[in-house]
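What follows is a single structure, written as structure tokens, with notes after it.
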Amino acid sequence: MVKLLIAYYSSTGNGTKMAHFAQKAAEDFGAEVRLRQIPELAPDVAIDANPLWRKNVEATKDIPIAKSDDLIWADAFVFSSPSRFGVMAAQMKQFMDMQGGLWFAGKLANKAITAFSSAQNAHGGQEEVIQSIYTVAQHWGCLIVPPGYVDEKSYGSGGNPYGTSATITPEGKMVAEDEVDGAINAQVKRLLSITTILAGE
Ligand SMILES: Cc1cc2nc3c(=O)[nH]c(=O)nc-3n(C[C@H](O)[C@H](O)[C@H](O)COP(=O)(O)O)c2cc1C
């Protein structure tokens, strides 16, 4: 059985929703799943200034924090971060930067990975965020599994071949949520199929 780590960062809950879409797809596939949130770095004063942010923190307090051990445990990774001026959130980068010891010991090599993102605009940097995650993954020696144009469900949320990209309205609502769910479903199942082949199962 493939072991999948879903490691996500989300401030206002859309990334949380995308991570749950990924969890559903992976469990449907028959994978063993660890859903983990990336630790928050922002101070309470910033979180309290945005009711959606505080709501997401409260709603996800039982989702465990991602640890290095989760990376060692997994055969495959889903990473997800919203756009922060076109790069991954600092929280996600900090988590990645904490893995130097694992990288040096070769413990991150040969893991399969795929990534998602969201932004307020349809072209608000999602592709750059996904590519920045893949850049780090290449340094780790991971095997990138993009959705490509393989499954027609990938087209529903804009057809980004690098990774599912959601658009979020200024009010914080995800555009075409069902289509994003479908695209994530196809992307995660493709990751798990490729991981199964790599494992020779
Ligand atoms: C500091 C910051 C920078 C952002 N930069 C952009 C941006 O450059 N373009 C854009 O479309 N959205 C930008 N956004 C909006 C976020 O990408 C959007 O809030 C996010 O996708 C929501 O995901 P979440 O609900 O999981 O936190 C930014 C948000 C913050 C807080």
Side-chain angles (χ1 to χ4, degrees), residues 4-26 33-66 70 77-97 113-137 146-147 154 156-185 187-188 191:
L4 177 70
L5 170 65
I6 301 168
Y8 77 96
Y9 176 72
S10 175
S11 296
T12 53
N14 293 287
T16 307
K17 197 175 274 182
M18 294 169 83
H20 280 115
F21 291 159
Q23 179 183 30
K24 182 165 52 88
V33 182
R34 286 191 188 177
L35 176 67
R36 299 290 185 262
Q37 58 177 316
I38 299 296
E40 186 55 87
L41 297 176
D44 277 339
V45 65
I47 296 170
D48 286 329
N50 182 340
L52 288 177
W53 197 348
R54 175 54 69 194
K55 188 174 166 201
N56 183 54
V57 168
E58 291 301 321
T60 58
K61 60 178 187 300
D62 294 334
I63 297 179
I65 297 292
D70 297 317
F77 307 144
V78 166
F79 274 72
S80 176
S81 169
S83 173
R84 293 290 182 259
F85 310 124
V87 290
M88 74 176 91
Q91 290 84 347
M92 178 63 86
K93 185 60 166 52
Q94 164 73 357
F95 176 75
M96 290 179 143
D97 287 354
I113 183 168
T114 203
F116 318 138
S117 187
S118 70
Q120 191 174 310
N121 297 280
H123 302 280
Q126 293 94 331
E127 295 192 355
E128 293 284 344
V129 171
I130 291 165
Q131 295 294 6
S132 67
I133 291 171
Y134 290 162
T135 296
V136 174
S154 306
S157 71
N160 182 343
Y162 311 121
T164 304
S165 295
T167 307
I168 314 301
T169 67
E171 295 72 37
K173 197 170 160 15
M174 191 181 295
V175 175
E177 189 174 311
D178 288 349
E179 286 76 6
V180 171
D181 187 5
I184 286 178
N185 188 288
Q187 185 176 350
V188 168
L191 172 76

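A quick note: this is a predicted structure, and the numbers were derived from the prediction, not measured. When a ligand or atom number is given, it counts from 1 through the structure's own listing order.
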With a 4.0 Å cut-off on heavy atoms, does Gly125 reach ligand 1?
-> no

Verify whether one side chain among Trp53 and Glu58 offers a donor that lies under 3.5 Å from an acceptor in the other.
-> no

Heavy-atom contacts under 4.0 Å between Asn14 and ligand 1: side chain, backbone, both, or neither?
-> both

What is the distance from atom CD1 of Ile47 to atom OG of Ser11, rounded to the nearest 0.5 Å?
-> 8.0 Å

Against heavy atoms of Ser11, which atoms of ligand 1 measure under 4.0 Å?
-> 24 (P), 26 (O), 27 (O)

Might you work through the side chain to side chain contact (heavy atoms under 4.5 Å, CB included) test for Ser165 and His123, ending with a clear yes or no?
-> CA-CA 9 Å; Ser165 295; His123 302 280; over 6 Å; no

What is the nearest protein non-hydrogen atom to atom 5 (N) of ligand 1, stated with its residue, atom name and distance?
-> Phe85 N, 3.0 Å

State, yes or no, whether a side-chain contact exists between Leu5 and Arg36 at a heavy-atom distance under 4.5 Å.
-> yes

State plainly whether the residues Lys24 and Asp181 are in salt-bridge range, i.e. N to O under 4.0 Å.
-> yes

For Ile168, the atoms of ligand 1 under 4.0 Å from one of its heavy atoms are 21 (O)

Thr60 side chain to Ile63 main-chain N or O, any donor-acceptor pair under 3.5 Å?
-> no

Heavy-atom check, side chain of Val180 versus side chain of Met174, under 4.5 Å | yes

Should Pro82 be counted as touching ligand 1, given the test is an N or O pair under 3.5 Å?
-> no

Closest approach of any protein heavy atom to atom 4 (C) of ligand 1, naming residue and atom | Ser83 O, 3.5 Å

Any N or O on Thr16 sitting closer than 3.5 Å to an N or O of ligand 1?
-> no

Interfacing atoms of ligand 1 (cut-off 4.0 Å, heavy-atom, Thr12) = 22 (C), 24 (P), 25 (O), 27 (O)

Is there a donor-acceptor contact under 3.5 Å linking the side chains of Thr16 and Asn56?
-> yes

Proximal atoms of ligand 1 relative to Gly15 (non-hydrogen, under 4.0 Å) = 24 (P), 26 (O)

Ignoring angles and geometry beyond distance, decide whether Gly124 reaches within less than 3.5 Å of ligand 1 through its nitrogen or oxygen atoms.
-> yes

